[in-house]
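On a predicted model such as this, the values are computed, not experimentally measured, just so you know.
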Amino acid sequence: MSELIKEAIKEINHSYATIVDGELVYQRSAMLNMFRKGAEWQSGQSPWISVKERLPDDNENIIIMCEHGAIFNGIYCNNVWFCMDGYINDSFNGNPIYSSMVSIPPLWKPVAWMPIPKFN
């Protein structure tokens with residue numbers, strides 16, 4: 001758990017809990033308020049994961065963002081970033097780039113990634 005989340009939990013505990021018979025007790029309204037604050041905090045978080053923070057699992061189907069702004073479907077495998085089949089959000093001479101599973105050029109420098117969202 002990140003230090004930011006741990007600090008937020010501490011702050012919430014001090015704001016909405018009381019000690020009764022040596023136990024930490026939350027009031028119902030306090031719990032609803034904590035849920036609301038947590039949901040507000042989560043809605044402000046970016047779905048992108050920095051490659052400096054964490055790398056994806058090998059062969060995990062992901063969305064990759066490169067330093068110059070290209071965004072596309074790909075995978076990370078054996079320390080190599082790959083672009084999968086399909087058009088990607090980048091162009092050369094005004095034309096969309098089409099790629100079939102090729103390694104990403106080193107100059108593109110992936111900076112962030114995210115799992116492909118699941119729609120239930």
Side-chain angles (χ1 to χ4, degrees):
M1 188 178 324
S2 78
E3 290 303 313
L4 179 65
I5 294 173
K6 288 178 185 174
E7 288 300 315
I9 289 170
K10 259 192 236 179
E11 183 180 322
I12 288 171
N13 281 342
H14 292 300
S15 303
Y16 301 109
T18 57
I19 298 180
V20 177
D21 296 328
E23 296 287 324
L24 197 58
V25 178
Y26 296 97
Q27 298 174 339
R28 184 176 191 281
S29 61
M31 293 195 58
L32 291 173
N33 197 19
M34 284 189 289
F35 179 82
R36 181 182 53 76
K37 285 183 178 273
E40 287 172 3
W41 178 84
Q42 180 61 40
S43 70
Q45 303 308 300
S46 171
W48 291 104
I49 301 165
S50 169
V51 298
K52 291 178 182 175
E53 179 184 329
R54 178 168 61 98
L55 293 173
D57 293 335
D58 270 0
N59 297 314
E60 179 180 2
N61 197 14
I62 57 174
I63 300 171
I64 302 167
M65 181 192 321
C66 290
E67 187 174 62
H68 73 285
I71 297 173
F72 49 88
N73 177 12
I75 63 168
Y76 178 78
C77 182
N78 295 323
N79 298 318
V80 178
W81 296 91
F82 290 95
C83 174
M84 304 301 279
D85 283 334
Y87 285 95
I88 59 177
N89 185 23
D90 200 6
S91 62
F92 178 74
N93 292 336
N95 297 314
I97 294 174
Y98 183 80
S99 174
S100 60
M101 187 141 166
V102 294
S103 61
I104 296 171
L107 291 176
W108 284 22
K109 295 182 186 167
V111 294
W113 64 277
M114 73 167 92
I116 294 184
K118 294 179 179 38
F119 300 99
N120 297 335

Interatomic distance, [X] atom [atom1] to [Y] atom [atom2] [nearest 0.5 angstrom]:
X	Y	atom1	atom2	value
C83	N73	SG	CG	7.5 Å
N78	N59	CG	CG	7.5 Å
I71	I63	CD1	CD1	8.5 Å
I64	W113	CD1	CH2	10.0 Å

Of all heavy-atom pairs between [X] and [Y], which one has the smallest distance, and what is that distance?
X	Y	result
C66	V111	C-CG2, 4.0 Å
I49	R54	CD1-NH2, 3.1 Å
A112	V51	N-CG1, 3.9 Å
E60	P115	OE2-CB, 4.1 Å

(request) Spell out, yes or no, whether I104 and L107 are grouped together once hydrophobic residues are joined by side-chain heavy atoms under 4.5 Å, including indirect joins. (result)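 Different hydrophobic clusters.
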
(request) Identify whether M65 and I116 are in the same connected component of the hydrophobic contact network (ILVMFWY, side-chain heavy atoms under 4.5 Å). (result)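 Yes, M65 and I116 fall within the same hydrophobic cluster.
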
(request) State which residues pass side chain to side chain contact (heavy atoms under 4.5 Å, CB included) with P105; sequence neighbours excluded, sorted by chain then number. (result)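 For P105, the residues satisfying side chain to side chain contact (heavy atoms under 4.5 Å, CB included) (neighbours in sequence not counted) are W108.
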
(request) For N79, enumerate each residue passing the side chain to side chain donor-acceptor pair (under 3.5 Å) test, keeping only those at least two apart in sequence or located in another chain. (result)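 With sequence neighbours excluded, N79 shows a side chain to side chain donor-acceptor pair (under 3.5 Å) to Y76, given in chain and number order.
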
